[in-house]
Number of protein chains: 2
Amino acid sequence: MRLFSTVDRSTVLKARHSRALEAGQAIYQAGGDGMAWRVRHGVVRLDTPTAKGETAFASLAIAGDILGCETMLFGCYTFTASALTHCELAPWPEGEPATAGESLLESLAIAQRRAADVVALRGGQAVDRVIGLIRLLTDGAGKVVLPTRQDIADITNLRFETISRIIKSLERAHVLAPLKIEGVHATRSFSVDFAPLAG
Amino acid sequence: MRLFSTVDRSTVLKARHSRALEAGQAIYQAGGDGMAWRVRHGVVRLDTPTAKGETAFASLAIAGDILGCETMLFGCYTFTASALTHCELAPWPEGEPATAGESLLESLAIAQRRAADVVALRGGQAVDRVIGLIRLLTDGAGKVVLPTRQDIADITNLRFETISRIIKSLERAHVLAPLKIEGVHATRSFSVDFAPLAG
DNA sequence: CGATTCCTTGAGCAACCTCAAAAGCGGTGG
DNA sequence: CCACCGCTTTTGAGGTTGCTCAAGGAATCG
């Protein structure tokens with residue numbers, strides 16, 4: 001039983017090690033060739049080329065999500081991927097093909113769930129969308145590293161000025177606490193505490 | 001928030017045969033038990049329960065998409081599904097498990113592509129969103145059966161009054177042509193010609 | 001230091017929402 | 001057949017959210 005189609009395994013195997021990325025770094029380009037990954041840590045932004053030659057936000061990939069699996073079918077990436085925060089990627093598929101069916105099914109379910117999350121980030125009041133995104137990005141310890149205002153704007157379908165106003169107001173309301181992390185680019189690593197807020 | 005009419009459910013869980021559904025009909029409920037389907041024809045709306053006990057639009061499933069595969073993992077549906085147009089569903093997985101890996105991988109790629117489409121329907125100018133949805137729903141012959149104004153509003157994150165105004169204006173601009181179909185409820189089967197329009 | 005990039009803040013405006021009323025359409029019962 | 005009911009759609013008037021345009025501040029890097 002052959003699970004996956006005609007991918008040149010020899011070259012793939014060469015590069016089969018995990019990748020660590022900084023915030024803002026490009027991962028791969030739509031149309032390009034490469035392998036598939038699973039997101040271990042961090043948040044990845046996916047963009048799709050539009051009719052006008054531009055590129056528009058398409059989706060998010062968070063820890064657990066599969067990235068670029070379409071190359072295994074079509075031989076090229078559908079989306080352009082870039083790291084929104086510090087990221088760690090692991091080659092995919094990872095292990096024994098014995099459980100590949102289960103794993104794939106789970107990945108499909110996760111993908112649908114994630115899609116619903118992203119859709120939710122584009123509806124409702126502006127503040128709620130931003131808070132929704134922050135929730136999605138917050139780790140177990142209540143810490144979150146925010147992407148740039150422009151990235152947040154693209155994801156929530158708002159303008160970066162609006163994002164700036166909203167985040168400032170959340171800080172002033174002590175919902176978000178600015179908290180600088182050392183050793184990282186300051187403008188990109190605007191790190192914060194996030195007090196969940198009722199709801 | 002959606003209300004579902006009292007559809008006869010007695011036949012729903014009987015057997016692994018294809019299902020035909022009318023526009024507006026409920027397919028399954030979030031949390032309920034059942035099987036997975038592939039959409040053969042038509043458009044299915046997926047809703048997710050929200051914090052406030054209501055239910056909000058989550059995604060669309062169109063011909064080729066997998067529906068409710070998460071029951072195979074969790075034993076219950078994550079979303080609530082209902083038919084937006086006349087639909088035909090086939091049991092899934094369909095055939096020999098030999099090609100299950102390929103098929104699953106393809107389904108995953110399709111799901112991610114579809115998610116990007118839906119996200120795109122929630123960004124940009126109101127008219128463009130509505131036109132984008134109409135494009136997504138238009139068949140090869142340039143015909144489209146529109147869902148209710150309220151459904152379109154939920155999908156595009158607009159109000160139904162806004163949808164009404166937009167569709168009326170598209171008709172007056174001869175982009176959409178009202179064209180009644182026989183043998184179907186008129187309010188739901190508002191059918192139209194769709195002249196693609198540059199872009 | 002200058003160049004670049006990102007963030008903040010303000011003032012005015014437009015797109016879209018809200019609320020309200022009425023009309024169309026199909027079904028039901030007298 | 002007509003009157004009525006429930007539901008969807010249409011249309012209007014006015015209000016609000018979030019956008020646009022503009023200017024300036026802060027941090028990074030060569």
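Side chains included, hydrogens not; waters and symmetry mates left out as well; all remaining heavy atoms used. Labels below follow one simple rule: chain letters A, B, ... track the order of the sequence lines, proteins then strands, and each chain is numbered from 1.
Among residues two or more places apart in sequence or in another chain, the ring pair (Phe, Tyr, Trp, His ring centres under 6.0 Å) test is passed with A:Tyr28 by A:Tyr77. Contacts of A:Asp33 classified as side chain to side chain contact (heavy atoms under 4.5 Å, CB included), with partners at least two apart in sequence or in another chain: none.
Rounded to whole Å, the distance from CG on B:Asp128 to C1' on C:dA15 is 13 Å. Atom CD of B:Glu171 is separated from atom C1' of D:dT11 by 14 Å (rounded to the nearest Å). Atom CD in A:Gln150 sits roughly 14 Å away from atom C1' in D:dT20 (whole-Å rounding). Here C:dG10 presents its C1' atom at 19 Å from CZ of A:Arg159, a figure rounded to the nearest Å. If you take CZ of B:Arg149 and P of C:dG24, they are 15 Å apart, rounded to a whole angstrom. Remark: P of D:dT17 and CD of B:Gln125 are 19 Å apart, rounded to the nearest angstrom. Regarding B:Ile166, its CD1 atom lies at a distance of 12 Å from the C1' atom of C:dC17, rounded to whole Å. Atom CG in B:Asn157 sits roughly 16 Å away from atom P in D:dT17 (whole-Å rounding).
Remark: B:Ser164 is not in phosphate contact with D:dT9, judged by side-chain N or O atoms under 4.0 Å from OP1 or OP2. Remark: B:Thr162 is not in phosphate contact with C:dC16, judged by side-chain N or O atoms under 4.0 Å from OP1 or OP2.
B:Leu158 comes within 4.0 angstrom of sugar-phosphate atoms only, judged by non-hydrogen atoms across all strands, and of no base.
Residues B:Leu84 and B:Leu60 are in side-chain contact: their nearest non-hydrogen atoms beyond the backbone lie under 4.5 Å apart. Using a 4.5 Å heavy-atom threshold, the side chains of B:Thr85 and B:His41 count as separate.
Side-chain N or O atoms of A:Arg19 include none that pairs as donor or acceptor with a backbone N or O of A:Glu88 at under 3.5 Å.
A salt bridge links A:Asp65 with A:Arg114; the closest basic N to acidic carboxylate O contact falls under 4.0 Å.
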Would you sort out whether A:Asp47 and A:Arg45 count as a salt bridge (Lys or Arg N to Asp or Glu O under 4.0 Å), showing the intermediate values? CA-CA 7 Å; A:Asp47 287 90; A:Arg45 167 183 175 157; 2.7 Å; yes
Contacts under 3.5 Å, N or O only, protein and nucleotides 21-25 of chain D:
{"unit_1": "D:dC21", "atom_1": "N4", "unit_2": "A:Glu161", "atom_2": "OE2", "d": "3.1"}

